[in-house]
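Take a look at the structure set out below.
Please read all numbers here as calculations on a predicted model, not as lab measurements.
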Amino acid sequence: MPADPRQRGAVHAARAAIVASVAAAVVARVAQGSPFDKVPGWRRQNFRGRRVSLAGGSGAAVGSLVGVLLEAPGRRGPALLAGGAAAVAGAYDDLLAGRAEVAGDKGFAGHLAAIRAGRVSGGVVKIAVIGGSALAAAGRLDRSGGIADRVLRAAVIAGSANLLNLLDLRPGRAGKVAVVAGLLGASGPAGGVAAASAGAAAGVLPDDLGERTMLGDLGANTLGALVGVRLASGSVRTRMASLAVIGAITAASERVSLSRVIDNTPSLRMLDQLGRAPTQ
């Protein structure tokens, strides 16, 4: 092991990314054409009307959490808590909640409307589960911090989980963002957690771009939560800037279509379509 701390961190992050990528690819491959195909909601239509499976999401979730196991104990527990809860909440929304939801139960306003109508939408369950686990994970990241610091960290973790899921509307989009965000965060505190997220996303990205699988809430929420743990482990300045960006994009998504913004911005459109079959 290299003596220089930064070199040790780089080696650790690379190992987490590789382990997560291999685990994600293996799990996704096994889950394709498996008995899971008989589970209602496991296969669905994507934006182009093609049938895809949640095998990519299961691979991304399992692979990233396996990679997190290599993280130091101080951040391994919070990451497993936040990522594991996000995976459970995402799977619930993918496989169970959709049967009881109506068309308007989308977005923050839609979930509030569902509550007023006496329905508990999948989004409300996710807010409770992911929000609660993020708050618990935040407390374990820094036990000396006050309540305001804990809430800030929790908001970053939960907001990141939600934001990546908001981007999962086109093949490979959320996966690419997870890869880039994970690689950018692979150094510094909880760098191995970010690297595991990037590696797992990369492991399932080919089938996602090929429109054979998708991340779904299961995969996107898990990867996003782990990126959030990395951001929440940074400095106060990093946490506040992260929350500002996450909050701004999330708020904008309530009023405008993120897909439309991306399609109307040449540079974003080029990156978004990279590796994907062109829209007919």
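- Listed by first then second residue, pairs satisfying ring pair (Phe, Tyr, Trp, His ring centres under 6.0 Å) with a partner in residues 13-36 read F36-W42, not counting sequence neighbours.
- Every residue two or more places apart in sequence or in another chain was checked for a salt bridge (charged side-chain N to carboxylate O under 4.0 Å, His left out) with R76, and none qualifies.
- Legend: residues meeting side-chain hydrogen bond (donor to acceptor under 3.5 Å, both in side chains) with R150, ordered by chain and number and at least two apart, are absent.
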Between side-chain atoms of residues 80-91 and protein atoms elsewhere (two or more places apart, or another chain), which donor-acceptor pairs fall under 3.5 Å?
none

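- Shown here are the side-chain hydrogen bond (donor to acceptor under 3.5 Å, both in side chains) partners of S259, two or more places apart in sequence or in another chain: R173.
- Take R44 and apply the salt bridge (charged side-chain N to carboxylate O under 4.0 Å, His left out) test, not counting sequence neighbours, and it matches D94.
- Other residues sharing a hydrophobic cluster with L184 under the 4.5 Å side-chain heavy-atom criterion for ILVMFWY residues are V180.
- In this view, R230 satisfies the salt bridge (charged side-chain N to carboxylate O under 4.0 Å, His left out) rule with no residue, not counting sequence neighbours.
- N264 contributes a side-chain N or O that, together with a main-chain N or O of R260, makes up a donor-acceptor pair within less than 3.5 Å.
- Scored by the side-chain hydrogen bond (donor to acceptor under 3.5 Å, both in side chains) test, D207 finds Q32, R212 as partners (sequence neighbours excluded).
- Residues that satisfy the salt bridge (charged side-chain N to carboxylate O under 4.0 Å, His left out) test with D263, not counting sequence neighbours, are absent from this structure.
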Validation: residues 190-204 side-chain donor-acceptor distances under 3.5 Å, sequence neighbours left out:
| unit_1 | atom_1 | unit_2 | atom_2 | d |
| --- | --- | --- | --- | --- |
| S197 | OG | L223 | O | 3.3 |

What pairs of donor and acceptor atoms, side-chain ones from residues 239-247 against any protein atom, are under 3.5 angstrom apart with sequence neighbours left out?
| unit_1 | atom_1 | unit_2 | atom_2 | d |
| --- | --- | --- | --- | --- |
| R239 | NH1 | G234 | O | 2.5 |
| R239 | NH2 | D149 | OD1 | 2.5 |
| S242 | OG | T238 | O | 2.7 |

